[in-house]
*Asks:* 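Submitted below is the structure of interest, expressed as structure tokens.
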Amino acid sequence: MSTKYIFVTGGVVSGLGKGITAASLGRLLKNRGYKVTIQKFDPYINVDPGTMNPCEHGEVFVTDDGAETDLDLGHYERFIDESLTKNSSITTGRIYSEVIERERRGDYLGKTVQVVPHITNAIKEKVYKFNNTDIDVVITEIGGTVGDIESLPFIEAIRQVGLEQKREDVLFIHVTLLPYITGSNELKSKPTQHSVKELQSIGIKPDVLVCRSDLPIPEGMKEKIALFCNVRKENVIHNSTVDILYEVPLMIEREGLANVVCEQLNLKNAKPKNSKWEKMISDIKEIKDDSKVNIAIVGKYVSLEDSYLSVVESLKHGGFANHVNVNIDFVNSEQIKNDDDAKKMLEKYDGILVPGGFGNRGTDGKIIAIKYARENNVPFLGICLGMQMAVVEFARDVLGLEDADSTEFNTRTKNPVIHIMETQKEVKKKGGTMRLGAYPCVIKEGSLAEKIYKCKEISERHRHRFEFNNDYRAKIEEAGMVISGTSPDNSLVEMVEIPKHKFFIAGQFHPEFKSRPDRPAPLFREFIKAAKK
């Protein structure tokens, strides 16, 4: 079977759920036995989102191969349960950087370098990257909305793909909005019509329209949309809001999207195997309303909840596994100035989580929150910077090293319990700045980590610059903090825990990136289990 290509574009406004639509369709095709991958084309000029403030663009998702990507890749992985790569996250900045580098090398043999064909050819290379692999279907989401000046090269590139491939191998899905006007008490199709007209003016005729509306779409309106937008009526799909995010695949299955796609692309396996997914949703819905735990995420990027999107979803996954609803509050670490603030702001929570981050702002509040969790026996989970701050807090308040700190925040500290290793300094001179992607971790026998993971070696994804300072290993362990996970050569500390505590564990890595709704990350599953108790 030749590779099939599905392109998902958006119109009218952003935030309609293109990413969830793409991810949900990927799950439905996978449930039909097809090997699926998904990629995202982002129009922004940043080479990747790694340098963006999370409050600007949401979390940075990291793949096994160390790519810093858009948060939509997290949705893709959680829905289709496949590990994606750098080939799944492409930005305008990356495309232009590659084209300019080729021009400097002389690859274009003196030609005038232009958007068409050079930029569009570079984009198409990313689409065709999965040719001659075991991938059956490539789903590509185009970021932004049709009409944005930034996304025009991507739209032009996928238009060319539609011409280059057989008609039965390419499908265009356009996600639009049907707004409800309260004054006239009706849905309006005109924004959708205008959006499709804009797409058609660029040369793309959408095959399927996924219309976002919280109200049912009348049959007459579907007929009108089909007529004016030049699509079949059965290809006008209603995309409504559901109570549980992971119910979207089942919702669009009922609306017939997957069957339409299979028919258009001549995919023979039209009968889905959705029973496991249906069982998962059924189990989630059976969780009683009064069965809940309250979790505080203590961080500084609290102005945008998407800053901690994978952490939030992983906590929910942990709730699914423990049959409890997880009520999550974001606590601004900058507002925690002292122990009294911590008690006042945190005493109502069953568990405290301190996530990753960069920069000095808000770190003092995180340290005070960790101290509160440690001294009051509140279940605690630290992630990346959360682990580093747990070590700093322990060194200060248990070892009595009052100036203990990370050299990220205080280069003059006499007790740099967190620092950049000499080998990392050499790497930094060569252009590298972080430990990114999947790294192995050997777990200490008899530790809480071993009880949680139930194995001796794991692999988790990293995104950080600074490490535990080995000069303080002996002192810290003598005082009661156990180093329960290290790199295979024992040179890097990956996990720490406090055995005498109800549940106190932290990892240098980001376990949230590998959590799935039907297979929660072990640390999150056990953290919620401890909070439930």
*Asks:* Please confirm whether Y128 and Y5 have ring centers closer than 6.0 angstrom.
*Replies:*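 For Y128 and Y5, the ring centres are under 6.0 Å apart.
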
*Asks:* Rounded to the nearest 0.5 Å, what's the gap from NZ on K18 to CD1 on I173? Could you check?
*Replies:*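 Answer rounded to 0.5 Å: 12.5 Å.
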
*Asks:* Over 60° means perpendicular and under 30° means parallel, so tell me whether Y308 and Y301 are parallel, tilted or perpendicular.
*Replies:* tilted

*Asks:* Verify the neighbour count for atom CD of E305: are there more than 12 heavy atoms of other residues, nucleotides or ligands below 6.0 Å?
*Replies:* no

*Asks:* Ignoring hydrogens and angles, tell me if any N or O in the side chain of T69 forms a donor-acceptor pair with the backbone of L73 under 3.5 Å.
*Replies:* no

*Asks:* I'd like to check the side-chain contact (heavy atoms from CB on, under 4.5 Å) partners of E445; sequence neighbours left out, ordered by chain and number.
*Replies:* E450

*Asks:* Can you tell me if N469 uses its side chain to pair, donor with acceptor, with the backbone of P416 under 3.5 Å?
*Replies:* yes

*Asks:* Roughly how far apart are K30 NZ and I80 CD1, rounded to 0.5 Å?
*Replies:* 6.5 Å

*Asks:* Charged N to carboxylate O under 4.0 angstrom, K344 versus D340?
*Replies:* no

*Asks:* If you measure only the distance, is there a donor-acceptor pair under 3.5 Å linking the side chains of E494 and H462?
*Replies:* yes

*Asks:* I need the I498 CD1 to F503 CZ distance, nearest 0.5 Å.
*Replies:* 12.0 Å

*Asks:* Does the E77 side chain pair with the main chain of L84, one donor and one acceptor, at a distance under 3.5 Å?
*Replies:* yes

*Asks:* So R435 and E467, salt bridge (Lys or Arg N to Asp or Glu O under 4.0 Å) or not? Walk me through it.
*Replies:* CA-CA 10 Å; R435 195 147 64 99; E467 305 281 358; 2.7 Å; yes

*Asks:* Give a yes or no on whether the backbone of N294 and the side-chain of D350 come within a donor-acceptor separation of less than 3.5 Å.
*Replies:* yes

*Asks:* Hey, is the main chain of V47 close enough, under 3.5 Å, to the side chain of T91 for a donor-acceptor pair?
*Replies:*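 Checking the backbone N and O of V47 against the side chain of T91, a donor-acceptor pair under 3.5 Å is found.
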
*Asks:* Do you see a donor-acceptor pair shorter than 3.5 Å between the side chains of Y349 and D329?
*Replies:* yes

*Asks:* Just how far is it from atom CD1 of I370 to atom CG of D397, taken to the nearest 0.5 Å?
*Replies:*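 It is 10.5 Å, given to the nearest 0.5 Å.
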
*Asks:* Only one of R516, K514, K35 clears salt bridge (Lys or Arg N to Asp or Glu O under 4.0 Å) with E82; which?
*Replies:* K35

*Asks:* With a 4.0 Å cut-off on N to O distance, would you call E512 and R525 a salt bridge?
*Replies:*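 Judged by the 4.0 Å cut-off on N to carboxylate O distance, E512 and R525 do not form a salt bridge.
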
*Asks:* Check the side chains of Q39 and T140 for a donor-acceptor pair under 3.5 angstrom, ignoring hydrogens and angles.
*Replies:* yes

*Asks:* Does the distance from a Lys or Arg side-chain N to an Asp or Glu carboxylate O, for K451 and E526, drop under 4.0 Å?
*Replies:* no

*Asks:* Does N376 use its side chain to pair, donor to acceptor, with the backbone of V378 at less than 3.5 Å?
*Replies:* no

*Asks:* Look at the side chain of R463 and the backbone N and O of G50, then say whether any donor-acceptor pair between them is shorter than 3.5 Å.
*Replies:*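 It does hold such a pair.
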
*Asks:* Is the backbone of D403 close enough, under 3.5 Å, to the side chain of T413 for a donor and an acceptor to pair up by distance?
*Replies:*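 Present.
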
*Asks:* Is the shortest distance from a Lys or Arg side-chain nitrogen in E68 or K86 to a carboxylate oxygen in the other one below 4.0 Å?
*Replies:* no

*Asks:* Are side-chain N/O atoms of Q335 and D341 paired as donor and acceptor at under 3.5 Å?
*Replies:* no

*Asks:* Do you know which two heavy atoms are closest between S447 and I443, and how far apart they sit?
*Replies:*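 That closest heavy-atom pairing would be OG-CG2, 3.7 Å.
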
*Asks:* Distance alone, cut at 3.5 Å: any donor-acceptor contact between the side chains of R32 and N274?
*Replies:* no

*Asks:* Can you tell me if K300 uses its side chain to pair, donor with acceptor, with the backbone of R361 under 3.5 Å?
*Replies:*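 Yes, K300 side chain to R361 backbone: donor-acceptor pair under 3.5 Å.
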
*Asks:* Using 4.0 Å as the upper bound for N to carboxylate O, is an ion pair formed by D405 and R396?
*Replies:* yes

*Asks:* Compute the ring centroids of F513 and F61, then answer whether they are less than 6.0 Å apart.
*Replies:*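 Yes.
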
*Asks:* Could you tell me whether K40 and D72 have a side-chain N and a carboxylate O separated by less than 4.0 Å?
*Replies:* yes

*Asks:* Mind listing the closest non-hydrogen atom pair of V298 and S333 along with its distance?
*Replies:* CG1-CB, 3.8 Å

*Asks:* Donor-acceptor check, side chain of K276 to backbone of K273, threshold 3.5 angstrom: yes or no?
*Replies:* no

*Asks:* Considering only NZ, NE, NH1 and NH2 on the basic side and carboxylate oxygens on the acidic side, decide whether K371 and D339 come within less than 4.0 Å.
*Replies:* yes

*Asks:* State which residues pass side-chain contact (heavy atoms from CB on, under 4.5 Å) with P517; sequence neighbours excluded, sorted by chain then number.
*Replies:* R78, Y246, W277, M280, H317, F320

*Asks:* With rounding to the nearest 0.5 Å, note down the distance linking CD1 in I336 to CE in M345.
*Replies:*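 Nearest 0.5 Å value for the CD1-CE distance: 5.0 Å.
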
*Asks:* T85: what forms a side-chain contact (heavy atoms from CB on, under 4.5 Å) with it, not counting sequence neighbours?
*Replies:* D65, N87

*Asks:* Search all heavy atoms of V391 against all heavy atoms of M481 and return the closest pair with its distance.
*Replies:* CG2-SD, 4.3 Å

*Asks:* Would you call E497 and K444 a salt bridge, using N to O less than 4.0 angstrom?
*Replies:*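 Between K444 and E497 there is no salt bridge, as every charged N stays at least 4.0 Å from the carboxylate O atoms.
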
*Asks:* How long is the gap from NZ on K502 to CZ on R374, to the nearest 0.5 Å?
*Replies:*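 Separation between the atoms: 15.5 Å.
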
*Asks:* Can a salt bridge be assigned to the pair D48 and R94 using a cut-off of 4.0 Å between side-chain N and carboxylate O?
*Replies:*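 Result for this pair is no, no salt bridge flagged.
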
